[in-house]
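What you see is a predicted model, and the numbers here were worked out from it, not measured in a lab. Naming convention: chains lettered A, B, ... in sequence-line order (proteins, then strands); numbering from 1 in each chain.
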2 protein chains.
Amino acid sequence: MARKTGSHSEITGPRIRAAAEHLFARHGYAAVSMRQIAAEVGVQAGALYLYTPDKQSLLADLMRDHLDGLLAACAALPPVNGPEARLDQFARFHIGYHIDRPDAVFVAYMELRNLEPANFTAIEALRRRYENTLEAILRDGRAAGVFAVPDTKLATLALIAMLTGVTNWYREGGRLGRAEVEAIYAAMALNAVGASPLPTR
Amino acid sequence: MARKTGSHSEITGPRIRAAAEHLFARHGYAAVSMRQIAAEVGVQAGALYLYTPDKQSLLADLMRDHLDGLLAACAALPPVNGPEARLDQFARFHIGYHIDRPDAVFVAYMELRNLEPANFTAIEALRRRYENTLEAILRDGRAAGVFAVPDTKLATLALIAMLTGVTNWYREGGRLGRAEVEAIYAAMALNAVGASPLPTR
DNA sequence: GTCTATACGCCGATAGAC
DNA sequence: GTCTATCGGCGTATAGAC
């Protein structure tokens with residue numbers, strides 16, 4: 001027990017990242033000062049620079065880690081057969097993953113314009129890779145004749161915008177439960193591309 | 001001709017608002033300084049305060065004017081018969097209106113968190129009124145048995161998110177024309193709520 | 001109506017004590 | 001590993017000359 005006041009290296013780093021994510025999501029990157037982040041963690045501003053070279057890296061790392069996690073989780077989905085089942089799975093996954101990480105999602109979608117060019121390019125590439133996994137599903141579905149989409153790129157962006165919008169209103173313990181929300185959005189996504197809805201799971 | 005350097009009252013005000021809207025959209029409210037806005041207009045920073053009491057009012061006024069215009073334009077749509085036609089009309093209107101004002105839309109959707117509480121409440125009420133016009137269409141359609149939506153509130157938010165997403169990628173002179181984009185989105189919206197698509201106009 | 005000058009505070013980041 | 005103290009700069013907003 002009773003420990004010296006110093007040496008909290010293993011926990012301070014993550015706490016700084018968590019505080020930054022929370023404050024960036026709530027007030028925006030530009031509106032949050034390093035002093036505010038430090039205060040939230042309970043250290044002085046100078047101590048932050050033991051864990052990040054500067055404020056910009058803090059933002060870029062948060063966004064990169066979020067997108068890396070998203071891509072990894074998406075790649076780890078169990079294989080399913082047929083475009084309809086794949087779109088259903090993707091929609092439910094997207095909703096669930098985003099519902100669980102509202103702050104990270106908010107930062108990753110809203111702070112792109114505050115990234116320096118090099119960081120922007122890198123983050124944008126990750127986002128594009130994620131979109132491409134959805135577009136591949138839509139292309140396969142169209143080729144198989146089960147989706148009716150005039151333009152797969154447009155449909156991809158429309159679906160992602162619709163699904164991501166869940167983070168604007170969903171609150172834990174609200175009127176609609178998580179599984180319900182996933183099911184409704186998945187059904188709307190399938191309908192939107194002209195697929196026959198899947199039987200309820 | 002040859003006019004004194006002063007007295008540009010009628011044009012400086014709108015130019016300040018236009019510059020602020022553009023810069024806020026591009027870099028975010030918190031990241032833009034009054035000095036930058038003044039520089040864009042070609043006046044000194046102090047002169048801005050002849051046209052706005054402070055920076056916060058500049059933001060709130062931009063957002064309020066945008067939403068007022070949106071509501072007025074929406075209310076002025078010609079009447080059409082039947083939920084499907086009304087949803088089709090709403091979707092095309094929403095896409096078109098948003099495509100024409102990308103900066104205003106961006107600011108109105110992204111800078112809510114930078115509004116002081118009183119301004120936030122007022123702006124949020126306008127946004128809610130707009131959403132309600134869509135929800136009324138969905139409720140009527142469900143009552144008439146032509147839309148299949150488990151929850152009209154959720155469907156409203158999902159559709160608005162999908163439609164508004166167009167501003168993230170649409171560019172004048174791009175691969176897809178404006179009418180094409182409107183038609184595709186409107187068809188996706190109708191599909192999403194389980195309506196039979198309208199015959200192509 | 002616009003300018004210049006300025007008040008006053010907070011910003012990100014660093015240096016050096018402990 | 002954290003703190004205190006500090007640097008130079010830029011932020012919003014105002015005062016007063018023209």
Distances for protein N or O near nucleotides 15-17 of chain C N or O, under 3.5 Å:
none

Worksheet item: Quick one: B:D54 CG to D:dA13 P, roughly how many Å, whole number?
Response: 5 Å

Fill in: side chain to side chain donor-acceptor pair (under 3.5 Å) pairs, two or more places apart, involving residues 16-27 of chain A
A:R17-A:D65, A:H22-A:R26, A:H22-A:D103

Fill in: Phosphate OP1/OP2 of C:dG1: any B:T12 side-chain N/O under 4.0 Å
no

Worksheet item: With side chains defined as the heavy atoms from C-beta onward, is the minimum distance between B:F147 and B:T152 less than 4.5 Å?
Response: no

Practice prompt. Please report, rounded to the nearest Å, how far the P atom of C:dC11 is from the NE2 atom of A:H27.
Written response: 13 Å

Worksheet item: With a 4.5 Å limit on heavy-atom distance, are the side chains of A:L134 and A:I160 in contact?
Response: yes

Discussion item. Once ring pair (Phe, Tyr, Trp, His ring centres under 6.0 Å) is applied, what residue pairs with a partner in residues 54-78 of chain A remain, sequence neighbours excluded?
Written reply: none

Worksheet item: Side-chain N or O of A:Q44 less than 4.0 angstrom from OP1 or OP2 on D:dT2?
Response: no

Worksheet item: Whole Å only: how far is the CG atom of B:L48 from the C1' atom of C:dT4?
Response: 15 Å

Fill in: Gap between atoms CD and P, on B:Q56 and D:dT12 respectively (whole Å)
13 Å

Discussion item. Can you measure B:Y49 atom OH to C:dT2 atom P for me and round it to whole angstrom units?
Written reply: 16 Å

Worksheet entry | Whole-Å gap separating C1' (C:dC11) and OH (A:Y29) | 12 Å

Response to the item:
Taking C:dT2, C:dA13, D:dT2 as options, the one with an atom nearest any side-chain atom of B:A47 is C:dT2

Worksheet entry | Residue pairs passing the salt bridge (Lys or Arg N to Asp or Glu O under 4.0 Å) test where at least one lies in residues 121-132 of chain B, sequence neighbours excluded | B:E124-B:R127, B:E124-B:R128, B:R127-B:E131, B:E131-B:K153

Response to the item:
For A:Y49, the side-chain hydrogen bond (donor to acceptor under 3.5 Å, both in side chains) test, sequence neighbours excluded, returns none

Discussion item. On the nucleotide D:dT2, are OP1 or OP2 found under 4.0 Å from the side-chain N or O atoms that A:Y51 carries?
Written reply: yes

Worksheet item: How many Å lie between NZ on B:K55 and P on D:dC10, as a whole number?
Response: 16 Å

Worksheet, complete the sentence: For B:Y185, the ring-ring contact (aromatic ring centres under 6.0 Å, His included) test, sequence neighbours excluded, returns none

Practice prompt. Find the distance B:I16:CD1 to D:dT12:P and express it as a whole number of Å.
Written response: 14 Å

Worksheet item: With sequence neighbours excluded, what pairs up with B:D151 under the side-chain hydrogen bond (donor to acceptor under 3.5 Å, both in side chains) test?
Response: A:R175

Worksheet item: Between residues 32-41 of chain B and DNA chain D, which residues have a heavy-atom gap below 4.0 Å?
Response: B:V32, B:S33, B:M34, B:R35

Worksheet item: With sequence neighbours excluded, what pairs up with B:R142 under the side-chain hydrogen bond (donor to acceptor under 3.5 Å, both in side chains) test?
Response: none

